[in-house]
Amino acid sequence: MKPERTGGGRDRHHEGVDMGALTKAELAEHLHAELGLTKREAKAMVEAFFEEIRACLRENEQVKLSGFGNFDLRDKRERPGRNPKTGEEIPISARRVVTFRPGQKLKSQVEAYEGPPPR
């Protein structure tokens, strides 16, 4: 049985609850509640996890999280764009972007989610 969440966190696994956005603070709170880490240790672990992902992406490494998905870097060419106010054509500069491709396990779980009951 999972322990009760504390600190104003929402039970994200409960049917009908508006989940909003998951924050790093909520991830740290979950680690604190589930693993018994101190709040400081849990926050440090969450920060270290995301810093490792950022560092890999800065070094042009693909990030593969088994059962979750892959973060990739993609180079986009310069392309024409338009100023929405004036309609003037302006170039959108070439840039590198991070993309996320969900893994099959995550896709299956998302597709199986029926959502909250209608109001």
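No hydrogens, no waters, no symmetry mates; every other heavy atom, side chains included, goes into these values. For clarity, every value in this text was computed on a predicted model and none was experimentally measured.
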Candidate pair L65 and F71, rule side-chain contact (heavy atoms from CB on, under 4.5 Å), full reasoning
CA-CA 8 Å; L65 302 174; F71 292 92; 4.0 Å; yes

Should E29 and K39 count as an ion pair when the cut-off is N to O under 4.0 Å?
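Looking at K39 together with E29, the answer is yes, because their closest N to O distance falls below 4.0 Å.
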
Once you round to the nearest 0.5 Å, how far does [atom1] of [X] lie from [atom2] of [Y]?
X: M45; Y: R40; atom1: CE; atom2: CZ; answer: 15.0 Å
X: R54; Y: C56; atom1: CZ; atom2: SG; answer: 11.5 Å
X: E111; Y: S108; atom1: CD; atom2: OG; answer: 6.0 Å
X: L27; Y: E47; atom1: CG; atom2: CD; answer: 10.5 Å

Could you walk me through whether E41 and H32 pass side-chain contact (heavy atoms from CB on, under 4.5 Å), step by step?
CA-CA 8 Å; E41 290 169 334; H32 167 70; over 6 Å; no

Please, which pairs that meet salt bridge (charged side-chain N to carboxylate O under 4.0 Å, His left out) have at least one residue in residues 99-109, sequence neighbours excluded?
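Residue pairs passing salt bridge (charged side-chain N to carboxylate O under 4.0 Å, His left out), neighbours aside: D72-R101.
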
Run the ring-ring contact (aromatic ring centres under 6.0 Å, His included) test against F68 and tell me which residues pass, sequence neighbours left out.
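With sequence neighbours excluded, F68 shows a ring-ring contact (aromatic ring centres under 6.0 Å, His included) to F100, given in chain and number order.
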
Shortest non-hydrogen contact between A28 and A42, atoms and distance:
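Closest approach of A28 to A42, heavy atoms only: O-CB, 3.2 Å.
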
Salt bridge (charged side-chain N to carboxylate O under 4.0 Å, His left out) partners of [X], counting only residues at least two apart:
X: E89; answer: R82
X: R58; answer: E51
X: R96; answer: D75
X: K76; answer: none

Answer whether the closest heavy-atom distance between the side chains of L73 and V98 falls below 4.5 Å.
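The answer is yes; the side chains approach within 4.5 Å.
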
Would I92 and E78 satisfy side-chain contact (heavy atoms from CB on, under 4.5 Å), going step by step from the backbone distance to the final call?
CA-CA 6 Å; I92 298 173; E78 182 177 289; 5.9 Å; no

Take a 6.0 Å sphere around CD of E52 and say whether it holds more than 12 heavy atoms from other residues, nucleotides or ligands.
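At most 12 heavy atoms, drawn from other residues, nucleotides or ligands, come within 6.0 Å of this atom.
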
Quick check: is V97 connected to L57 through a chain of hydrophobic side chains (ILVMFWY, heavy atoms under 4.5 Å apart)?
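No; tracing contacts between hydrophobic side chains, which count when under 4.5 Å, never links both residues.
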
